[in-house]
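Worksheet: the structure to be examined is printed underneath.
Basis for what follows: all heavy atoms, side chains included, without hydrogens, waters or symmetry-related copies. The shown structure was predicted, so the numbers you read here are calculated from the model rather than taken from an experiment.
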Amino acid sequence: MTWRDLLMDWHDHIDRVADIFPHADPCALVRFRGNRELLAEYIADTHDLTPAEGIEAVELRLLPGAQPVPRLIAAE
């Protein structure tokens with residue numbers, strides 16, 4: 001499954017997403033369709049994860065076998 005497949009039937013996958021992320025409210029999940037970053041931020045907030053862990057959780061748990069999307073990290 002790809003992110004595009006997931007988005008095409010987002011409403012059909014809400015229960016699965018809520019099962020994977022039990023602290024997520026299914027009603028709240030509806031609004032994140034198509035925006036991985038906001039979904040990852042919400043998952044991080046509701047599951048006591050860092051933003052990076054939220055991104056990884058969304059990408060790897062929703063799309064098994066997927067590789068995380070590389071992120072640029074600003075040098076400090």
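Considering only residues two or more places apart in sequence or on other chains, Ala52 meets the side chain to side chain contact (heavy atoms under 4.5 Å, CB included) condition with Thr50. For His23, the side chain to side chain contact (heavy atoms under 4.5 Å, CB included) criterion is met by Thr46, His47, not counting sequence neighbours.
You'll find the side chain of Leu29 reaches within 4.5 Å of the side chain of Tyr42, heavy atoms only.
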Exercise. What's the verdict on side-chain contact (heavy atoms from CB on, under 4.5 Å) for Val58 and Trp3, showing C-alpha distance, side-chain angles and the deciding distance?
Worked result: CA-CA 10 Å; Val58 165; Trp3 185 254; 4.1 Å; yes
For this session: Start with the C-alpha gap between Leu62 and Phe21, add the side-chain angles, then the distance that decides, and say whether side-chain contact (heavy atoms from CB on, under 4.5 Å) holds.
Result: CA-CA 10 Å; Leu62 290 182; Phe21 301 108; 4.1 Å; yes
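Closest non-hydrogen pair, Ala24 versus Ile43, comes out as CB-CD1, 4.1 Å. When all heavy atoms of Leu49 and Ala57 are compared, the closest pair comes out as CD1-CB, 4.3 Å. In this structure, Ala44 and Gly54 approach most closely via the heavy-atom pair CB-CA, 4.0 Å.
At least one donor-acceptor pair under 3.5 Å links the side chain of Arg33 to the backbone N or O of Leu7.
In this structure, the separation between CZ on Arg31 and CG on Leu39 is 10.0 Å, given to the nearest 0.5 Å.
Sorted by first and then second residue, the side chain to side chain donor-acceptor pair (under 3.5 Å) pairs with a member in residues 4-20 read Thr2-Asp5; sequence neighbours excluded.
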